[in-house]
Amino acid sequence: MKRLIYEVAGISICAVVPEHKDPSRLLPTFLPFAVSSEHESSPDEADDSLYEASAEDRDIALTVETCIHVDIPDGLHALVTEENDMGRTEIFNFAGNVLLRFDFRGLVSRVRLCPGYGRAEVDMDMDSEYSGAVLSSVIRTAFAQVVVFHDGLSVHSSTVVCEGKGYMFLGKSGTGKSTHSRLWMKAFPGTWLLNDDNPVIRFVDGVPLVFGTPWSGKTPCYRNASAELAAMVRLSQAPENLFSALEPVQAFIEIYQGTSVLRSDDFLHEKMCDMISRLIEKIMVAHLDCLPDLAAARLCRDSILSLQR
């Protein structure tokens with residue numbers, strides 16, 4: 001087995017995988033996050049030496065170990081069942097552990113998130129053509145819990161950076177988050193996409209920063225970068241453009257809906273709620289009824305800037 005070390009949002013992750021697995025093919029979207037790597041070549045040119053940093057020399061927040069037997073007892077009631085691009089996911093609680101069953105295109109994997117969430121154990125066929133995609137999803141799920149212990153939140157959103165500040169667009173799948181980000185990039189020269197699906201927010205020295213991650217949905221945008229967070233905007237499709245800043249209670253609800261924390265864990269849930277409360281004291285949270293046009297992007301940015309003065 002070999003250990004692949006990555007750092008996402010300043011938090012170290014160690015993935016323990018079979019010796020024969022090529023990390024550039026197994027987890028290609030993690031390449032920009034490889035520790036001690038300034039590698040910018042294509043995955044086919046990747047060098048395994050980039051991944052050989054010693055775990056003992058780093059403060060590893062999350063270890064994900066593959067090839068571990070994980071048993072999910074028959075008849076166990078699923079706390080959560082959901083279907084998405086990664087297939088079917090079921091979440092269970094058994095003997096103090098969170099258990100997950102992923103079924104992606106016939107590849108069934110079982111995962112144990114150990115108490116404290118610093119370790120995840122994965123039971124699946126690592127030689128399947130889908131093993132990398134599933135392993136990435138497993139790491140994302142585990143990381144979304146671990147980051148809460150580090151003043152952070154994983155949030156489903158599309159995020160751009162404009163004049164050095166981060167703007168996060170929230171909403172259900174299909175509401176136009178990616179479209180709105182592209183409109184900002186077209187309307188405001190120099191604006192760039194940080195992440196299109198699953199960025200992470202962390203407080204660093206009291207300042208909320210938004211970070212790129214290896215998880216960006218269908219858009220290949222895996223930037224190891226960050227920016228100070230200025231605003232979060234919930235989008236809704238509408239026949240006209242209308243911007244409204246939200247009061248604290250509604251702002252809390254809008255952010256809460258976009259987080260990836262396991263609600264069944266009381267401690268995690270409390271930490272998440274505290275984080276959201278701190279966040280809405282620092283940034284603007286708003287709602288935008290919008291059309292998919294440049295006027296919506298301009299209204300959104302102009303309204304944020306005018307209200308922040």
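Here the structure is a predicted model, which means the values were calculated and not measured.
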Taking the basic N atoms (NZ, or NE/NH1/NH2) and the acidic carboxylate oxygens, is any pair closer than 4.0 Å for E83 and R88? yes

Check the pair K271 / V261 against side-chain contact (heavy atoms from CB on, under 4.5 Å), numbers first and verdict last. CA-CA 10 Å; K271 291 277 289 183; V261 174; over 6 Å; no

Would you confirm whether N97, through its side chain, and L99, through its main-chain N or O, come within 3.5 Å as a donor-acceptor pair? no

Hey, are S178 and D196 close enough side-chain-wise for a donor-acceptor pair under 3.5 Å? yes

Looking only at the aromatic ring of each residue, does the gap between the centers of Y256 and H269 stay below 6.0 angstrom? yes

Trace of the side-chain contact (heavy atoms from CB on, under 4.5 Å) decision for I60 with I5: CA-CA 9 Å; I60 301 295; I5 313 296; 4.2 Å; yes

For a quick test of your reading: what N or O donor-acceptor pairs under 3.5 Å do the side chains of residues 105-114 make, sequence neighbours left out?
| unit_1 | atom_1 | unit_2 | atom_2 | d |
| --- | --- | --- | --- | --- |
| R110 | NE | V70 | O | 3.2 |
| R112 | NH1 | E121 | OE1 | 2.3 |

From C14 atom SG to E7 atom CD, the distance as rounded to the nearest 0.5 Å: 13.0 Å

Minimum heavy-atom distance D151-M275, with the two atoms named: O-CE, 3.3 Å

CG of D71 to CZ of F94, rounded to nearest 0.5 Å, is 7.5 Å

Ignoring hydrogens and angles, tell me if any N or O in the side chain of K177 forms a donor-acceptor pair with the backbone of K172 under 3.5 Å. yes

Main-chain N/O of M126 paired to S131 side chain as donor or acceptor, under 3.5 Å: yes

Side-chain cluster (under 4.5 Å, hydrophobic types only) that L193 belongs to, other residues: V160, Y167, F169, W184, M185, F188, V233, L235, F243, M284, L288, L299, I304, L305, L307

Between S236 and H287, a side-chain donor and acceptor under 3.5 Å: yes

Output all residues satisfying ring-ring contact (aromatic ring centres under 6.0 Å, His included) with Y222, sequence neighbours left out; order by chain, then residue number. none

Verify side-chain contact (heavy atoms from CB on, under 4.5 Å) between H20 and D127, making sure each step is shown before the conclusion. CA-CA 10 Å; H20 68 278; D127 290 322; 2.8 Å; yes

Is Q237 reaching over with its side chain to a backbone N or O of G174, donor-acceptor style, under 3.5 angstrom? yes

Heavy-atom closest pair (L27 atom, G132 atom, distance to 0.1 Å) is CD2-O, 3.8 Å

For E270, I'd like to know if atom CD has over 12 heavy atoms of other residues, nucleotides or ligands within 6.0 Å. no

CD-CZ distance between E163 and R301, expressed to the nearest 0.5 angstrom: 4.5 Å

Give me the other members of the hydrophobic cluster that V249 sits in, counting Ile, Leu, Val, Met, Phe, Trp and Tyr linked by side-chain heavy atoms under 4.5 Å, directly or via other members. I253

Under 3.5 Å, is there a donor-acceptor pair between the D265 and N93 side chains? no

In the structure I gave you, are the side-chain heavy atoms of S154 and N198 within less than 4.5 Å of one another anywhere? yes

For V285, what residues pass the side-chain contact (heavy atoms from CB on, under 4.5 Å) criterion, not counting sequence neighbours? L246, A251, I255, I280, I283

Hydrophobic cluster of V207, others only, ordered by chain and residue number, side-chain cut-off 4.5 Å: V204, L209, F211

Carefully, step by step, assess M232 and V155 under the rule side-chain contact (heavy atoms from CB on, under 4.5 Å). CA-CA 10 Å; M232 301 176 76; V155 181; 4.1 Å; yes

Less than 4.5 Å apart, side chain to side chain, heavy atoms only: is that true for L268 and Y117? yes

Testing the 3.5 Å rule here: is there a donor-acceptor pair between the side chains of W215 and T29? no

